[in-house]
Each structure stands twice: as structure tokens, then as C-alpha cells.
There are 2 protein chains.
Amino acid sequence: MSLILQNIAKHIALTTAEQELFLSKIEVHHFDAKTILLHSGEVCKYSYFVNSGILRSFNINDNIVEHVLNFACAGYWIGDMYSLITQKPGNLFIEVLEDAELALLSKENQEILYTEIPKLERFFRILTENSLVVNQERLMDNLSLSAEERFEKFCSKYPTLIQKVPQKQIASYIGVTPEFFSKMKSKILHR
Amino acid sequence: MSLILQNIAKHIALTTAEQELFLSKIEVHHFDAKTILLHSGEVCKYSYFVNSGILRSFNINDNIVEHVLNFACAGYWIGDMYSLITQKPGNLFIEVLEDAELALLSKENQEILYTEIPKLERFFRILTENSLVVNQERLMDNLSLSAEERFEKFCSKYPTLIQKVPQKQIASYIGVTPEFFSKMKSKILHR
DNA sequence: TAGGGCACTTAACCTAGATTAAGAAATAAC
DNA sequence: GTTATTTCTTAATCTAGGTTAAGTGCCCTA
């Protein structure tokens, strides 16, 4: 069974017919690393489910500094939630960091699926709740932990990412400059 | 019509019977300022909808420093989302800051309502999506804006709160110490 | 009406992390 | 295989915001 159906099955039970309907509403595509799926200023039309590869969402401040909002690897969804909801231009970029196979669910198809398989409201509610919890924890961590502690948490939470994404992006995710991150890293190693 | 039904009506349409069913599943109570509705370490049993008054959720770090996660005034929901979802002990406190009338929706009744009025899945999905968007923006703000800029945003977003909640709690919400907040405030005034 | 706490202010000093800059190492491009 | 570009490191210097501490005003409640 496809990863996305496994993902759904963790929270709700779909009949075979519903599964087929769901699959008929998504498009699976391959994207090369460095592809930008969404630019700041565009309206986000899709939720992206990651079958394989790694993506990130980020914004750019004053045309200079990047800030990573999220990483997504296999089994995760990613998108610009603000832009998806409002269908107004967002300020996020979504980029492929490592060659990826993605399942694209368009906003329109998502709405169609909600009416045809109301159970999916439940699925996406649960998904969103979980994201919210993770986000709230990260927010509190940013308010209360040191950069080093945030890095430790990142390591235990996303052990696979550390080898795979450029460390300046991890620095950005935990909220420090690449230079400070490098200093911190060598400080940790030398003890 | 009660505030909570108006709130729901913004996103989904309930029949009169459904409205009555919904109301039968919530308890409306009055709480005095300073009441702690939820302590860190407890399992959160209710979502709280604010009819009037002001609440906040916060955690306490190393038994010393408070960090405000959210304020809630009339028309807002508040709870410990992590604990509500998992039904495990959370680390948030929920406190009444200003005498409040609250509608309490227990986790069990919420689940019952989901089965009896499936449309409510949609309502709470939308609610959670909106919270997530707000949270993500706050996270990015904490990564990219100065304390002063965060304060300005807070002022334009929650103008009513500034007069009503102790400023050390606003300081905590935007992520600075009360001392620095005070310094910053007088700097802003003197120009 | 006193007095014990909070909330707020002010000021001196301190530090985690930013900035700037320049070189080394790794990737990518040709 | 060489050059160009990006990433990472190191180090000096700087600053936003933290810490400590002492003092002021203000509810409270007795």
C-alpha cells in the first residue's frame, strides 16, 4: 500500500473505493533537488505529501536572511498553510533539498474530497492538531532554551536530517547564524 | 444567539436541533480572576471557550521562569492541545486573568459531538488550521524580528490586552524579561 | 493605617549570540 | 581537470537583551 494511504490509515479507516477515489485526486510527480515548488508571493495551490526525498519551507527577510519554517521528509506533509487557507499570496518558499517523489493534493481536490469522504475532515483535523502541538512546543523552546539545547532537541527529533541537509539550514531552523552554529558545534565536539 | 454558536456559524451551518445538541454538551461557568483552571502535570479535560474575561496559558521553566503561550479573550478557545489530544499530563497552566464566563467542552463530549454532528470535524479543523497559521507566524517573528518589532505587532494585534494584562506577561509573550520590556517601553515613549 | 507583598522602573554590569571579514574545504559547473 | 560558487570554519569585535540589585508606587488585606 502507498505511504500516503498508510498515513491515512493510522487515523481513519477508508474503504477500498474511498482509497481509490483519494488516489485519483492526487498527482504523483518526481522533482529534482533545488526545484522551487512555491515562491514567496505566489498562491499555494497544493499540499505536498513526501513519498521520498527532503523538502523545506522558508521565508526570506528583507531580501537577505532565510528562515527555515519546516523540513519535510518521507511521510510528512508540507505547504504554505496560510496561503492554502486564504488562497492569497503567501511569503513562503518551498524547495526540494533532495530528489523527491511527491503526492500533490490541490486545494480544489481537497475540498472535493471533504465533501465526498467527510471522514477526511477528521484525518486532516488530526494532522493539523499534531502540527499545532509540535509548533507550540518549538515556540516555547525558542522562548526558553539556549541555542545548544535547541540543537540537542533537533538532533534527537530529526537524527536523519543532520547528515543530509546543509548545516546552515539547521542553524536557521533552530534560530542562530551559520557562524554561531559552527562555533557551537566545535565547542560541543571538543568536550 | 450565544457567542459560541455565532463562532461556529462563521464556518459551518448547524440546524436548530444540532445547535441545541451542541449547547447540551457544554457547561457554562463563571470563574474569578486568579483561578487556575489547569495545572502543569495534570491531564487537560476541557477546551475552554471564552464568553467574557481573559485567560492565559503558560508554562514554568525549571520552576522559575514563566512563559506565556497564549492569551484568550472573548470569542477565543484555549486549552492544552498536547494534553487534550494525548490525554497525558501536560506542562501548561491555564489561568483566569480577568473574571470570566467560560463554556467548557470536555474531551469526551467533543468526541461524542464529532460522531453525532460530523460537520463539527470541519469546524474544529478550520479552527485548528487558523491557530496553526497564527503560531507559525509568531514562530517566524521570533526568529526574525527584534523585541521592539514583536511588541509593535502585539500592540496592533491585541490592542485591548495592553491595558488589561500585567505588562510582565506581555513581556513573557513576546519573549523578553520584564526589566528589558520596561527599558524598551520607556525608550519608545521618549521619542 | 499600616504594612506585606506584587508590579514596575532604573541603572550598572554581563553574556549569548550577531556581525564582519577572511581563509579553507567541499560542490558544482564548464 | 580547472575554475567558480557555495558551504563551513575561525577569530575579532559588537550589541540586543539578560542579570542583579535597589528603589518606587500600589493594591491588598488586617
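Proteins come first, then strands; the chains are lettered A, B, ... in the order of their sequence lines, and each starts at number 1. The shown structure was predicted, so the numbers you read here are calculated from the model rather than taken from an experiment.
- By the 30° and 60° cut-offs, the orientation of the rings of Phe124(A) relative to Trp77(A) is perpendicular.
- Here the C1' atom of nucleotide dG17(D) and the CD atom of Glu149(B) are 14 Å apart, to the nearest Å.
- Taking atom NZ of Lys183(B) as the reference point, atom P of dA16(D) lies 10 Å away to the nearest angstrom.
- In this structure, CD1 of Ile188(A) is placed 12 Å from P of dT9(D), rounded to the nearest angstrom.
- Side-chain contact of Lys185(A) with Gln167(A): a donor-acceptor pair under 3.5 Å is present, judged by distance alone.
- Taking atom CD1 of residue Ile174(B) and atom P of nucleotide dG18(D), one finds them 9 Å apart after rounding to whole Å.
- OP1 or OP2 of dT9(D) has at least one side-chain nitrogen or oxygen of Gln167(A) nearer than 4.0 Å.
- Among the atoms of the strands shown, only primed sugar atoms or phosphate atoms (P, OP1, OP2) are found under 4.0 Å from some heavy atom of Lys185(A).
- Between Glu95(B) and the choices Lys34(B), His39(B), Gln169(B), Arg56(B), the side chain to side chain donor-acceptor pair (under 3.5 Å) rule is met once, by Arg56(B).
- Looking at the side chain of Phe180(B), the nearest of the listed nucleotides dT9(D), dC8(D), dG17(D) is dG17(D).
- The nearest whole Å value for the distance from the CG atom in Asn142(B) to the P atom in dA16(D) is 17 Å.
- Under the 30°/60° scheme for interplanar angles, the aromatic rings of His11(A) and Phe123(A) are found to be tilted.
- Nearest approach of Asn130(A) to Ile85(B), heavy atoms of both residues: OD1-CD1, 4.0 Å.
- We find that CZ of Phe181(A) is positioned 18 Å from P of dA11(D), with the value rounded to whole Å.
- Nearer the 5' end of DNA chain D, as judged by each residue's closest nucleotide, is the contact made by Val165(A), out of Val165(A) and Arg150(B).
- Aromatic rings of Phe154(B) and Tyr173(B) (six-membered ring for Trp) have centroids within the 6.0 Å cut-off, being under it.
- Atom pair Lys168(B):NZ and dC27(D):C1' shows a separation of 15 Å (rounding to whole Å applied).
- The six-membered or imidazole ring of Phe151(A) lies near that of Phe181(A), with a centre-to-centre distance under 6.0 Å.
- Taking atom CD on Glu179(B) and atom P on dA22(D), their separation rounds to 14 Å, with Å as the unit.
- Contacts between chain A and DNA chain C, taken as any atom within less than 4.0 angstrom of a protein heavy atom, begin and end at dG17(C) to dA21(C).
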